[in-house]
Amino acid sequence: MLRSRFEKDLDDLNSDIIRLGGLVERTVGQSFDALVSQDTGEVESVNADGKEMNKLAARIENEALRVILRHQPIAGDLRAISAGLRMVADLERIGDQARDICSIVLHLCDEEHMIKPELITQMAAKTRIMVNMCISSFMRQDVNLAKKAAEIDDEVDTLFASFKESMIQLISGQPECADQAIYLMMAAKYLEKIADHAENIAGWVVFAQTGEKTQLQ
C-alpha cells in the first residue's frame, strides 16, 4: 500500500514536470518565431506562459519536498526525484531565456531588417529540436534519445561561433548595422544558453535512469 501511494505521488510529480516541459517547448517555439517574424503578438503569449511556468515550477519543488518527507525514498527513487528537481531548474532557465529573446524582439520590431538572419534561424531550429528531444527523452525515460539530443549542442555552438564572427565583420564594414547586429548577437547567445540547459536536462535524464552523472559531450 505504501509503495503504491509513493508510486502515485511520483507519477503525479512526473506529470507536472512533463506539463512544465510542454509549456517550455511552446514558449521556446513562440520566442523563436517572434525573433524571425518580429511578431510582438508572440511576445505577449511568451510572457503569459512565463507566469504560469513559474507557478508550476514552484509547485513541483514544493511537492517534491513533500514526497521526500512523506516517503523518505532511497537509492533509485531518491535519484529520480533529485534529477527531476534539477530538470525543473533548467526548464525554468530555458523559459527565462526565451523571454530574454522576446525582449530583443521588442527592440527590433520597428526596425527594417538590415541583416539576413540565416545563421540565427538555423541556430533556433537546432535548439528547438534539441529542447523537444530532451523533454521527449524524459517522458519516455529514453537514455539513448537524451544522448542524441546532447550531441546537437556542438552544432549549436558551431553556428553561434560562425554567427558571432559574421556580425563582427558586418559591424566593421557597415557600422550603420551595429545596433541591430549587437541585439542579434545577444539573441544568439540566449539560444546558445538554451541549448546548454537542454544538454543539462539530457544529462539528468541519463542520471535518473542509470545513476551515471557524466559529461555527455
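We're numbering straight along the sequence, starting at 1.
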[atom2] on [Y] to [atom1] on [X], rounded to 0.5 Å:
X    : Y    : atom1 : atom2 : value
D11  : E7   : CG    : CD    : 7.0 Å
K147 : D142 : NZ    : CG    : 10.5 Å
Q30  : C102 : CD    : SG    : 8.0 Å
N200 : H197 : CG    : NE2   : 6.5 Å
E155 : K126 : CD    : NZ    : 4.0 Å
I81  : H71  : CD1   : NE2   : 8.0 Å

Under the 3.5 angstrom rule, does the side chain of [X] hit a backbone N or O of [Y] as a donor-acceptor pair?
X    : Y    : value
S82  : R79  : no
S172 : I168 : no
S103 : D100 : yes

ask   = Do you know which of L191, I194, T127 makes side chain to side chain contact (heavy atoms under 4.5 Å, CB included) with V156?
value = T127
task = Could you point out which residue of I201, T27, D196 forms a side chain to side chain contact (heavy atoms under 4.5 Å, CB included) with I94?
result = I201
Pairwise side-chain contact, [X] with [Y], heavy-atom cut-off 4.5 Å (strictly under):
X    : Y    : value
S136 : M133 : no
I171 : I182 : yes
V67  : E63  : yes
F32  : T121 : no
L20  : I17  : no

message = Please say yes or no: joined through hydrophobic side-chain contacts below 4.5 Å, possibly via intermediate residues, are V46 and L184 part of one cluster?
response =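 Cluster IDs for V46 and L184 differ.
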query = For the hydrophobic clusters of this structure (ILVMFWY residues joined by side-chain heavy atoms under 4.5 Å, transitively), does one cluster hold both L65 and V88?
reply = no
Contact summary for [X] and [Y], nearest pair of heavy atoms:
X    : Y    : value
V206 : A146 : CG2-CB, 4.1 Å
M130 : A195 : CE-O, 3.2 Å
A64  : L13  : N-CD1, 3.9 Å
E192 : M123 : N-CE, 3.9 Å
D77  : P73  : CB-CB, 3.7 Å
S137 : V205 : OG-CG2, 3.6 Å

inquiry  = Once salt bridge (Lys or Arg N to Asp or Glu O under 4.0 Å) is applied, what residue pairs with a partner in residues 13-33 remain, sequence neighbours excluded?
reply    = D16-R59, R19-E52, R26-D49, D33-R128
key: Sequence neighbours excluded, every pair satisfying salt bridge (Lys or Arg N to Asp or Glu O under 4.0 Å) that has a member inside residues 80-94   = R93-D96
ask   = So does I74 have more than 12 non-hydrogen atoms from other groups sitting under 6.0 Å from CD1?
value = no
task = Sequence neighbours left out, what passes ring-ring contact (aromatic ring centres under 6.0 Å, His included) with F207? Give chain and number order.
result = W204
task = Scan side-chain atoms only and decide if Q122 and E118 contain a donor-acceptor pair under the 3.5 Å cut-off.
result =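 No donor-acceptor contact under 3.5 Å links the two side chains.
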task = Classify the ring geometry between Y183 and H107 as parallel (under 30°), tilted (30 to 60°) or perpendicular (over 60°).
result = parallel
task = Evaluate side chain to side chain contact (heavy atoms under 4.5 Å, CB included) for S166 paired with L119, printing each intermediate quantity in order.
result = CA-CA 9 Å; S166 70; L119 283 174; 4.2 Å; yes
Candidate pair M53 and R99, rule side chain to side chain contact (heavy atoms under 4.5 Å, CB included), full reasoning = CA-CA 12 Å; M53 281 189 291; R99 291 195 292 279; 3.6 Å; yes
task = Answer yes when E151 and K148 have at least one side-chain N-carboxylate O distance shorter than 4.0 Å, and no when they do not.
result =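 Answer for the salt bridge query: no.
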message = Assess the residue pair M139 and I135 against the criterion (side chain to side chain contact (heavy atoms under 4.5 Å, CB included)); give the C-alpha distance rounded to whole Å, side-chain angles, the decisive distance to 0.1 Å, and a yes or no.
response = CA-CA 6 Å; M139 292 172 62; I135 293 171; 4.3 Å; yes
